[in-house]
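Below is one structure, written out as structure tokens; comments come after it.
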Amino acid sequence: MPDLLLEHLNPEQRAAVTLPHESALILAGAGSGKTRVLTTRIAWLIQTGQVSPHGILAVTFTNKAAKEMLVRISAMLPINTRGMWVGTFHGLANRLLRAHWRESGLPQSFQILDNQDQLSTIKRLMKALNVDTEKYEPKKVQHFINGHKEAGRRARDAEAHDEYSMHMAELFEAYDAQCQREGVADFPELLLRSYELLYRNEPLRQHYQERFRHILIDEFQDTNTLQYRWLKLFAGPRSALFAVGDDDQSIYAFRGANTGNMAEFEREFARGNVIKLEQNYRSHGHILTAANALIAQNAQRLGKNLWTAEGVGEPIRVFEAYSDQDEASFVIDEVKALHREGVPFSDMALLYRSNAQSRVLEHALFSAGVAYRVYGGLRFFERQEIKHALAYLRLLTHPEDDGAFLRVVNFPARGIGARTIEQLADAAGRAGSSLWQAACTASGKVAGFARLIESLKVATHDLPLPEAVDHMIEASGLADHYRADKDGADRLENLNELVNAAALFDEEAGLEVPGSAAAPEVPLPALDRFLAHAALEAGEHQAEPGRDALQLMTVHAAKGLEFHAVFITGLEESLFPHEQSAHEVNGLEEERRLMYVAITRARRRLYLTHAQSRMLHGQVRYGFPSRFLTELPDSVLLHLNRRAERSASPSAAPAPRTPPAGSDTGYRVGQSVAHARFGTGIIIDFEGRGPDARVQIKFRDAGTKWLALAYAKLSPA
DNA sequence: GCGTGACATTTTTTT
DNA sequence: AATGTCACGC
């Protein structure tokens with residue numbers, strides 16, 4: 001009964017879901033039921049017999065979104081979702097490359113390099129080539145390489161006119177050659193390689209074009225040049241592309257996302273077939289008003305205004321704290337109060353611009369005994385002990401991987417130092433072989449290491465995946481090493497967790513959960529699939545998921561989520577908008593979109609907080625309130641009272657909110673003041689006392705100056 | 001070869 | 001603040 005599927009959709013949503021077999025662009029605002037439309041569209045297509053699951057290709061950016069999509073589709077349709085290709089760009093590219101590894105020129109069990117791996121590979125290469133790493137910073141080289149790959153360019157396509165860029169291009173070329181030799185691929189390589197595979201291989205391209213009648217893309221505004229081209233390659237004459245996106249929520253320009261793709265897509269495919277979803281089902285009126293007003297300041301927009309049938313709801317609460325600590329304790333008070341009113345912790349989110357800001361908040365939450373869960377930060381599969389373990393596993397199936405070899409040849413320490421490794425590298429270089437091959441003919445300690453790997457290989461050969469992992473952790477000496485380390489308990493626990501992750505992976509692979517790293521039709525050893533899985537899904541496996549805990553994450557990580565109450569913290573100039581953004585073209589507009597995303601996460605209650613002072617990079621910094629605060633209409637804001645009223649309230653218990661030093665002069669550090677000539681500023685330091693007292697003031701427009709308190713006619717601002 | 005500590009460097013966002 | 005790099009002494 002298709003009607004059942006369409007029952008609860010509004011007219012625009014329904015129109016989008018039931019579009020004929022044509023390409024279309026759905027401009028879906030925040031909270032307008034974007035994911036719902038996408039998944040219902042898939043279910044509807046299948047249920048009405050227009051396409052079989054086999055003919056569906058659905059692409060997302062995050063694993064979370066892919067999983068969510070599958071769950072929703074399964075809930076709507078009692079079908080096996082197995083034949084569908086649903087996954088992230090990188091996951092699907094990986095799947096394609098594993099299936100056609102021979103044609104794409106990769107070893108069947110190629111390894112995926114994450115960012116860290118890529119950087120250390122580059123460093124290693126530059127060392128071997130004796131490149132001056134001062135002049136050519138490895139990070140810049142990485143950026144150069146990825147930037148080009150994401151634009152679909154190889155080293156030979158990289159434009160180079162000056163010496164610097166020519167050298168960069170050479171490094172790019174040498175890097176790719178090394179990756180090829182070692183059988184590894186970085187993230188952009190997955191996409192570029194699979195793009196080239198289909199581009200060059202016509203029969204293969206035709207096969208997939210014929211197969212995928214419906215190609216659906218989520219978060220289309222985040223696609224980069226290469227991803228868009230990749231999609232176009234899959235689209236044959238009989239395929240329809242269904243792109244869902246919101247240009248106002250494009251927040252990944254820094255990694256190559258090209259909003260222009262939306263306009264391009266409209267021209268090339270949708271051709272006026274555009275549906276706007278503007279009714280928001282998530283937030284109350286004031287919150288939407290604020291979001292609309294903010295985003296209206298951006299010049300580069302396709303244009304769209306969200307509305308809601310709900311009432312205006314509560315005003316947006318704005319709070320100015322003395323310090324980051326003060327900000328944290330304010331948030332905690334409010335969180336606790338909301339919880340007493342019955343809002344679960346898990347329905348509240350604490351958002352910040354950069355990960356570094358979570359530290360203070362976490363500390364305060366911990367002291368206050370509030371359960372919380374941090375998303376992002378260092379991920380499970382990126383921890384060093386996990387990296388070591390994965391490197392051992394990698395050597396078992398692919399010992400030519402020099403990166404993996406170097407990572408563990410002397411970890412735990414077994415007396416193989418820099419000198420020895422240099423000799424080994426020389427020998428390998430002369431023979432044109434891998435380090436591993438050189439090690440096999442070596443003697444002494446290196447030979448001992450080679451024997452260790454060989455024995456691991458034999459011992460784990462017939463073991464199920466989790467047991468193999470477990471055995472490796474013990475036999476490699478990793479476990480003993482961390483047992484001997486008094487701070488190694490956490491790491492040991494993580495290694496244990498790795499065994500669990502392997503067991504879980506084994507189980508899920510057995511159930512053939514679609515959308516996971518490898519295609520079911522590819523007979524790849526479990527170990528290799530597990531390693532690919534580890535690289536592609538860095539792992540949100542931390543903290544107990546079932547517990548009712550306050551949610552902490554960056555604004556980026558919050559995209560796609562919603563909460564009853566949202567706290568956006570650190571709303572200060574140079575933090576949010578981040579100072580880096582000022583140096584980038586359209587950087588401020590991207591920051592504003594980020595703020596827009598943050599605001600629209602809230603359903604009912606929204607807090608915006610900023611602090612006069614904040615510990616940053618080990619020292620106190622004073623910031624002005626974020627310009628975004630002034631871009632919101634006053635009519636929807638409620639400025640919460642500061643100190644006096646707050647500490648008078650009985651609930652604001654013993655939390656020590658000591659005003660900063662210097663109050664005796666009538667002024668204090670962190671205070672906003674106005675100067676007749678220099679305008680408004682913030683006091684950032686004191687010097688001397690009595691009539692000699694001087695203050696350092698950071699002016700909004702006139703820079704930072706020392707002024708004598710007796711002469712500078714200051715007034716509180 | 002290895003471990004220690006001083007020193008420097010860094011600090012956006014992430015598939 | 002936290003992490004990486006380097007030089008030194010064992």
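Naming convention: chains lettered A, B, ... in sequence-line order (proteins, then strands); numbering from 1 in each chain.
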Pick base, sugar-phosphate or nothing for [X], based on heavy-atom distances below 4.0 Å to the nucleic acid.
X: A:Asp222; result: nothing
X: A:Lys559; result: nothing
X: A:Phe89; result: nothing

Review item, nucleotides 10-12 of chain B N/O atoms under 3.5 Å of protein N/O:
{"residue": "B:dT11", "atom": "O2", "partner": "A:His617", "partner atom": "ND1", "Å": "3.2"}
{"residue": "B:dT11", "atom": "N3", "partner": "A:His617", "partner atom": "ND1", "Å": "3.3"}
{"residue": "B:dT12", "atom": "O2", "partner": "A:Arg353", "partner atom": "NH1", "Å": "3.0"}
{"residue": "B:dT12", "atom": "O2", "partner": "A:Arg353", "partner atom": "NH2", "Å": "2.1"}
{"residue": "B:dT12", "atom": "O4", "partner": "A:Glu584", "partner atom": "OE2", "Å": "2.6"}

Please state whether the phosphate of [N], meaning OP1 or OP2, lies under 4.0 angstrom from any side-chain nitrogen or oxygen of [X].
X: A:Asn410; N: B:dC2; value: yes
X: A:Lys445; N: B:dC2; value: no
X: A:Thr420; N: B:dG1; value: yes
X: A:Arg414; N: B:dG1; value: no

Nearest-Å distance once atom P is located in both C:dG4 and B:dT13: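 Approximately 16 Å lies between the P atom of C:dG4 and that of B:dT13.
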Would you measure the distance from the P atom in B:dT11 across to the matching atom in C:dC6 and give it in whole Å?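 To the nearest whole Å, 16 Å.
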Take the protein atom [atom1] of [X] and the nucleotide atom [atom2] of [N], then report the distance between them rounded to whole Å.
X: A:Phe449; N: B:dG1; atom1: CZ; atom2: P; result: 16 Å
X: A:Gln357; N: C:dA1; atom1: CD; atom2: P; result: 16 Å
X: A:Arg379; N: B:dT13; atom1: CZ; atom2: C1'; result: 11 Å
X: A:Leu92; N: B:dT15; atom1: CG; atom2: P; result: 15 Å
X: A:Asn146; N: B:dT14; atom1: CG; atom2: P; result: 16 Å
X: A:Arg359; N: C:dT3; atom1: CZ; atom2: P; result: 7 Å
X: A:Gln142; N: B:dT14; atom1: CD; atom2: P; result: 15 Å
X: A:Arg592; N: B:dT13; atom1: CZ; atom2: C1'; result: 18 Å

Cationic N near anionic O, under 4.0 Å, A:Arg394 to A:Asp401: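 Yes, charged N to carboxylate O under 4.0 Å.
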Charged N-O contact under 4.0 Å between A:Glu382 and A:Lys387: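 A:Lys387 and A:Glu382: not salt-bridged.
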Starting from the 5' end of DNA chain B, give me the residue, A:Glu590 or A:Ile421, whose nearest nucleotide shows up first.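 First, find each residue's nearest nucleotide; the 5'-ward one identifies A:Ile421.
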For A:Ala418 and for A:Glu382, locate the closest nucleotide of DNA chain B by heavy-atom distance; then report the residue assigned to the nucleotide nearer the 5' terminus.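 Closer to the 5' end of DNA chain B: A:Ala418.
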Checking contacts here: which listed nucleotide (B:dT15, B:dC2, C:dT5) is nearest the side-chain heavy atoms of A:Lys123?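 Taking heavy atoms from C-beta onward, the closest nucleotide is C:dT5.
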Nearest to the A:Arg419 side chain among B:dT15, B:dG3, B:dG1, which nucleotide is it?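 Nearest to the side chain of A:Arg419 among the choices is B:dG1.
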Who passes side-chain hydrogen bond (donor to acceptor under 3.5 Å, both in side chains) against A:Tyr607, sequence neighbours left out?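 Applying side-chain hydrogen bond (donor to acceptor under 3.5 Å, both in side chains) to A:Tyr607 gives A:Glu334, A:Arg605.
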Stacked cation flag [X] on [Y], 6.0 angstrom / 45 deg:
X: A:Lys232; Y: A:Phe234; answer: no
X: A:Arg379; Y: A:Phe381; answer: no
X: A:Arg407; Y: A:Phe405; answer: no
X: A:Arg229; Y: A:Tyr199; answer: no

Take the angle between the ring planes of A:Tyr252 and A:Phe254 and call it parallel below 30°, perpendicular above 60°, tilted in between.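 Tilted, since the angle between the ring planes falls between 30° and 60°.
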